[in-house]
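Working notes, beginning with the structure itself.
It should be emphasised that the depicted structure is a prediction, and the values quoted were computed from it without experimental measurement.
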Amino acid sequence: MTKKEIVKTISEEIGLTQLKTKEIVQKTFDAIVETLVEDHRIELRNFGVFEVKKRAARKARNPRTGDKVDVPEKFVVTFKPGKEMEARVRELELQAQAEREARERAEAARLNGSAGYPPPSPEQMPSSSEQTS
């Protein structure tokens, strides 16, 4: 989803113009960035925590040449989702797993002959003596 789509969705929900909504969304993002620059941390209840952390200098390898490269220390923004977000994302995971299992059961049923065809009766099954000849 893009910022434009977020603006459109919020605008339709609360009845503001897209121009005014875009301004509010942008000001929110600007405030988050400004807080990270100044305080290195912003906690948004029921959403998560953004934090600026220092990543230490390290040695890396150029994948094309194999040469060792020094990577300087740098600041990065990390995000830790809140409990509510974690729970809702976990629900997606469980839903996807249930759908995957349903597809596997359907595929197994299809391969076992129960997709419109009844399984062969014992009389229709070849006996062991017929199989060896």
Side-chain angles (χ1 to χ4, degrees):
M1 177 175 258
T2 64
K3 183 166 62 171
K4 187 175 185 175
E5 292 167 330
I6 291 170
V7 166
K8 186 175 182 208
T9 303
I10 293 172
S11 165
E12 289 170 357
E13 271 187 40
I14 62 174
L16 281 176
T17 64
Q18 285 190 24
L19 195 61
K20 194 68 176 166
T21 305
K22 180 181 178 185
E23 189 179 326
I24 292 168
V25 169
Q26 188 59 53
K27 292 280 184 195
T28 303
F29 291 160
D30 292 345
I32 290 170
V33 171
E34 194 60 37
T35 302
L36 283 172
V37 169
E38 291 175 8
D39 301 338
H40 300 275
R41 178 182 166 91
I42 184 166
E43 184 174 336
L44 304 170
R45 299 266 185 232
N46 298 324
F47 186 75
V49 177
F50 292 94
E51 195 167 15
V52 176
K53 292 186 177 180
K54 186 190 288 189
R55 187 168 290 163
R58 62 189 172 89
K59 298 232 186 268
R61 190 174 296 272
N62 182 330
R64 285 191 183 175
T65 63
D67 295 341
K68 289 186 178 180
V69 179
D70 288 326
V71 178
E73 70 177 22
K74 64 180 178 177
F75 290 96
V76 294
V77 176
T78 62
F79 176 73
K80 183 176 184 220
K83 288 180 184 178
E84 187 176 315
M85 184 186 295
E86 289 257 338
R88 291 188 62 190
V89 170
R90 200 169 304 115
E91 285 174 20
L92 275 178
E93 205 173 289
L94 295 173
Q95 183 181 16
Q97 182 179 357
E99 289 171 2
R100 191 170 42 253
E101 289 170 357
R103 279 194 309 273
E104 289 170 359
R105 281 192 301 274
E107 180 66 14
R110 187 184 68 76
L111 292 175
N112 289 332
S114 62
Y117 300 104
S121 64
E123 297 82 36
Q124 294 172 325
M125 298 288 289
S127 66
S128 57
S129 61
E130 291 174 1
Q131 289 178 352
T132 56
S133 42

Can you find a pair of side-chain heavy atoms, one from K20 and one from E23, that are under 4.5 Å apart? yes
Answer with yes or no whether the hydrophobic clustering places V49 together with F47; edges join I, L, V, M, F, W, Y residues whose side-chain heavy atoms lie under 4.5 Å apart. no
Is there side-chain contact between E86 and R90, with heavy atoms separated by less than 4.5 Å? yes
Please name the pair of heavy atoms, one in V71 and one in A60, separated by the smallest distance, quoted to 0.1 Å. CG2-CB, 3.7 Å
Is there a side-chain contact between Q95 and L92 (heavy atoms, below 4.5 Å)? yes
Identify whether the distance between the nearest side-chain nitrogen and carboxylate oxygen of D67 and R61 falls below 4.0 Å. no
Are K59 and D70 close enough that some pair of their side-chain heavy atoms sits under 4.5 Å apart? yes
To the nearest 0.5 Å, what is the distance between CD (E84) and CZ (R45)? 13.0 Å
Walk me through it: do E5 and K8 pass the test salt bridge (Lys or Arg N to Asp or Glu O under 4.0 Å)? CA-CA 5 Å; E5 292 167 330; K8 186 175 182 208; over 6 Å; no
Check the hydrophobic clustering (I, L, V, M, F, W, Y; side-chain heavy atoms under 4.5 Å; chains of links allowed) and say if F50 and V37 are grouped together. no
Cluster overlap L19 with I10, hydrophobic side-chain contacts below 4.5 Å: no
When clusters are formed by joining ILVMFWY residues with side-chain heavy atoms under 4.5 Å apart, either directly or through shared neighbours, do I32 and F79 land in the same one? yes
Is there a path of hydrophobic side-chain contacts, each under 4.5 Å between heavy atoms, that joins V33 and I6? no
Report the distance from atom OG1 of T35 to atom CZ of R41, rounding to the nearest 0.5 Å. 12.5 Å
Side-chain heavy atoms of L94 within contact of E91, under 4.5 Å: no
If you compare all heavy atoms of L36 against all heavy atoms of V52, which two are closest, and at what distance to 0.1 Å? O-CG2, 3.6 Å
Is any NZ, NE, NH1 or NH2 atom of the basic residue among E73 and K54 found under 4.0 Å from an Asp or Glu carboxylate oxygen of the other? yes
Calculate, to the nearest 0.5 Å, the distance between atoms CD1 and CD1 belonging to I24 and I14 respectively. 5.5 Å
To the nearest 0.5 Å, what is the distance between CZ on R105 and CG on N112? 13.5 Å
Under a 3.5 Å distance rule, please check whether T21 uses its side chain to pair with a backbone N or O of V7 as donor and acceptor. no
Interatomic spacing from CG in N46 to NZ in K83 - rounded to 0.5 Å: 10.5 Å
Is a side-chain N or O of N62 found less than 3.5 angstrom from the main chain of R64, in a donor-acceptor match? yes
What distance separates Q18 CD from E12 CD, expressed to the nearest 0.5 Å? 7.0 Å
